[in-house]
Amino acid sequence: MDKYILERDGQLDFYKSFLPRVSSELNIDEILADNNDGVINGNLLEFKLHVTDLNTVLFQCIKYLSALRIKGKPVPANILIIDLNAAAAWLFYSATYLSDIEKVYVGGASKDNIGFIGNSADKVLHYNNPLDAESVIALLKENNFTKIHIDENCIVGWATSFYKAVPTARKEDFLGDDAGKHKTIGEIRKPVHFSKYIYPYTGRTNVKFNYLMDKLNDTLQKKNLGAFYTNKLYAEKSLELVRTAIARVPNGNDYIILDRCAGTGNLEKGMTDEELSHCVVSTIEYYEYKVLQELIGSKVRHIIPPIETAETFNAGLVAGGDALSQEYIENPVIQQYVDNPKCTIILFENPPYAETTSLEHQRTKQAKNSSAWKNSFAVKAMKKEVKGTVSNDLGNAFIWSGFKYYMRQPTDSYIVYSPVKYWKAQHLIDKEFLGGYAYNRRHFHTNIDACIMVALWGNNDANNEEITLQGFDIQQDGTLTDAVELTVRKVHELYSTKYYEKASFEDAKYDGILIGLNGLEAESNVKKRIKPMYSRYMVGYLVADSVGFDNPDAKSSLLVAGRYNGNGCYIRKDNYLQKLPMFCASRYITYNRAWTERSRIMKSGDGADRFARDVSNGKLHQFLLKCLLFTCTEMQNHMRTFTGSDGRFYRNELCLDATNGETIAIRDLNNLKKNKKEVSILYQWNTVLKYAKQTENYNSELTYGVYQIFAELDRSHKDDITGNTIWDNVELHTALQSLKTLVKDYYNSEIVPVLFEYEFLK
């Protein structure tokens, strides 16, 4: 009779038996970190209740090793296939299967493995035998690995691992070669840190990795330089705009196509030789410059600088390649065309996108160090003409300087990739729009679904309030989707200027508390930017910050007291309903994650006057109550009930828990004319509260909202072996998930259309 019915039980017994003999420091979570049955030192383990076909299981293991290689993780030298019920282990040396490991596999590792033919096992051990058990222990202590070859499929993973292992390293330390004037030999060509894991890469140059060069920078350099990569399909599609611009060149004129941030020339790959002969290209990153020279140097009109000298390499950058420097702007090679009235300028660029106030820079405390570009010649000039935070974006500096220094005639053109914010909300330019496309940012070496615009601008002034883009995503088969029409409308007013509460609180005292993002009192060591006001007229503090939806959970808050870093307003008990549409609108991207929405749809105060009029005449009363119901059941409402360090009891008044008496929300929702969806939401809320009261940590003296139930009562733990989450109260967790589903549908059907109508969303 089988000892094990569940593989997990056998796996747990195996680890409990053998790990103490191997190392007391081994951690189950680390062993199972890569979605396989375990990696211990130089061993990959794969467990089965019964092994019926060694070849099939072996191929599954090979796929796991392929995945490790692609991630930039060492490939264990040993493969151990373990039959739990037979207490048998088959040892295979992974080096035998290196050619298979160095392939890329798609789909689950456990699928489609029949038909693989491997060699016989290098050793078979029956670990219920003491001698064989000792042999298994000895194997698990081995720390040997199979060296792999670096190629385009795995180099990004190994670069990531290298920068983690050597935090001070730069790109030259990883990728350096001896093909140019600067002859630093990098890790891939002469392994030191990874000498046990990789063979030296023998390619003379880095041209094989040209589409990946932006991903091979260290983490902060990626942020500092921005992303240059443009997907091939998108680059080729945008050439239609370039050819429209070429068609605008007056008869008898010469023209140049200037790309100041060409990277390795992705935008230019699909150009004809004739079009390339008009190109002037440059890039700031040294190893991209070398690849650019190799790929298209002989076909373009100019590369800046034209040839590599001993001075070209400048701490990983290209001397003379900084497009925002005075040296570049006054470069005589380019200026000869700018000064020539018989030459038309066409700019064609995917500018680097970097905001050095980003969370990445804040976490690494590198924001100031990474903002050196803000001191460049072009940015200083820009700040004299453009006010506000618009100059915080490196991409904006390129766009502004493009128009400032290169666009001179009505028939000059600028085809530029960038999020629409520079035109929609920042009003950086007001030029004639001659056509454009929208692309999914995910295909630009990011993990975010968002809208990137590539627009063709002319050089005539214009005052468009609305433009239309043709949107294209990329399908799994590597083709563009059919076009979808996307409208982009300008935003003029912020919530903070039109909707934030301006009236003073008559009994305001500034001896209250401040709250963190999690709804609890902020830690004493955090920097506080507002005064901790308390008033009996105060219902809470609302944050609906920023026009866009980057970091939406940080830019949207509803708390029982002031948020420690501000950016919001205290809201009053007598008019809080009028403020809730701001909170509702701030949740839009949470429930509408399509790439067409993020970075295209933004928050706006442009409809404030019309909204105020219709609130005053009662037209929007039921809508405001719908916003209240949504607010009370939406997870980002982080209002909690607790006693603060100031000794005051803070009660969540914007929730539906009547256990300790009616809340303000319950009182006002009595006036909601409830439809079927609203009845369903209220019923589901009662289900949530019923199960919440059954949990061990429930406190009957508190008034609970959805978030406080989630954070304090919906407890879980991790399974030791699988890492799966096990919920302590499955009924409560299920009820919360069901409520979330109802709230999403309600939000999109009942609230979003009105938010657009009154331009809270635009």
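Positions are given from 1 along the sequence. Since we're looking at a predicted model, the values are computed, not measured.
Side-chain N or O atoms of N729 include none that pairs as donor or acceptor with a backbone N or O of T695 at under 3.5 Å. In this structure, the side chain of T283 does not engage the main chain of C261 through any donor-acceptor pair within 3.5 Å. Under the 3.5 Å distance criterion, the side-chain polar atoms of R69 are matched with a main-chain donor or acceptor of H149. Listed for the N551 side chain is no donor-acceptor partner under 3.5 Å among the backbone atoms of A554. A donor-acceptor distance shorter than 3.5 angstrom exists from the side chain of S94 to the backbone of P76, with no hydrogens or angles considered. In terms of modelled atom types and a separation under 3.5 Å, the side chain of E523 and the main chain of N525 share no donor-acceptor contact. Side chain of R189 to main chain of G203: a donor-acceptor pair is present (N/O by atom type, distance under 3.5 Å, no hydrogens or angles). A donor-acceptor pair under 3.5 Å links the side-chain atoms of Y97 to the main chain of N119, judged by distance alone. Of the possible donor and acceptor atoms, none in the side chain of K740 sits under 3.5 Å from a partner among the backbone N and O of A735. A donor-acceptor pair is defined here as one N or O able to donate and one able to accept, closer than 3.5 Å; no such pair exists between the side chain of N592 and the backbone of I589.
More than 12 heavy-atom neighbours from other residues, nucleotides or ligands sit within 6.0 angstrom of NZ on K147. Within a 6.0 Å sphere centred on NZ of K71, heavy atoms belonging to other residues, nucleotides or ligands number more than 12.
Under the side chain to side chain donor-acceptor pair (under 3.5 Å) criterion, D132 pairs with no residue, sequence neighbours left out. In terms of the ring pair (Phe, Tyr, Trp, His ring centres under 6.0 Å) criterion, F549 has no residue partners (sequence neighbours excluded). The side chain to side chain donor-acceptor pair (under 3.5 Å) test applied to N447 returns no partner, not counting sequence neighbours. Remark: H50 pairs with no residue by the ring pair (Phe, Tyr, Trp, His ring centres under 6.0 Å) rule, at least two apart or across chains. With sequence neighbours left out, K183 forms a salt bridge (charged side-chain N to carboxylate O under 4.0 Å, His left out) with no residue at all. Residues meeting the ring pair (Phe, Tyr, Trp, His ring centres under 6.0 Å) test with Y127, sequence neighbours left out: F14, F18. With sequence neighbours left out, the side chain to side chain donor-acceptor pair (under 3.5 Å) criterion links E142 to N78. Listed by chain and number, the residues in a side-chain contact (heavy atoms from CB on, under 4.5 Å) with T741 amount to none (sequence neighbours excluded). Annotation: salt bridge (charged side-chain N to carboxylate O under 4.0 Å, His left out) contacts of E7 (sequence neighbours excluded): none. Applying the salt bridge (charged side-chain N to carboxylate O under 4.0 Å, His left out) criterion to D553, with sequence neighbours excluded, gives R587. Not counting sequence neighbours, the partners of K555 by the salt bridge (charged side-chain N to carboxylate O under 4.0 Å, His left out) test are D545. Residues meeting the ring pair (Phe, Tyr, Trp, His ring centres under 6.0 Å) test with H126, sequence neighbours left out: none.
Judged by a 6.0 Å distance limit and a 45° cone about the ring axis, K63 is positioned over the six-membered ring of F59.
Among L45, L44, I101, D34, the single residue meeting the side chain to side chain contact (heavy atoms under 4.5 Å, CB included) criterion with Y64 is L44. Each of I155, D177, I188, D151 was compared with Y201 under the side chain to side chain contact (heavy atoms under 4.5 Å, CB included) criterion, and only I188 meets it.
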Item to check | CA sep, side-chain torsions, deciding dist, call: E187, F194, side-chain contact (heavy atoms from CB on, under 4.5 Å) | outcome: CA-CA 8 Å; E187 179 76 12; F194 295 155; 3.6 Å; yes
Item to check | Stepwise ring pair (Phe, Tyr, Trp, His ring centres under 6.0 Å) test for F444 and Y234 | outcome: CA-CA 9 Å; F444 289 75; Y234 286 157; 5.5 Å; yes
Next on the checklist: Quick one, E288 with K171, criterion side-chain contact (heavy atoms from CB on, under 4.5 Å). Give me CA distance, side-chain angles, the key distance, then yes/no.
Outcome noted: CA-CA 11 Å; E288 290 179 351; K171 192 173 189 175; 4.1 Å; yes
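Annotation: side chain of P200 is in contact with side chain of P191 (closest heavy-atom distance under 4.5 Å). Residues I448 and R598 meet the side-chain proximity criterion, which asks for heavy atoms closer than 4.5 Å. At a threshold of 4.5 Å between non-hydrogen side-chain atoms, the residues Y199 and L98 count as touching. Annotation: side chain of I150 is in contact with side chain of C154 (closest heavy-atom distance under 4.5 Å). Annotation: side chain of D449 is not in contact with side chain of R441 (no heavy-atom distance under 4.5 Å).
Remark: the T205 side chain and the E294 side chain contain an N/O donor-acceptor pair separated by less than 3.5 Å. The closest side-chain donor-acceptor pair between N266 and T264 falls under 3.5 angstrom. N350 and T230 share a donor-acceptor pair across their side chains, judged by distance under 3.5 Å alone. Using modelled atom types and a 3.5 Å distance limit, the side chains of H193 and S195 yield no donor-acceptor pair. S556 and Q636 form no side-chain donor-acceptor contact under 3.5 Å, judged by distance and modelled atom types alone.
Taking CG from D37 and CD from E46, the interatomic distance works out to 4.0 Å, rounded to the nearest 0.5 Å. Distance check, rounded to the nearest 0.5 Å: NZ of K196 to CZ of F145 gives 6.0 Å.
A ring-centre distance under 6.0 Å is not found for F47 and Y4.
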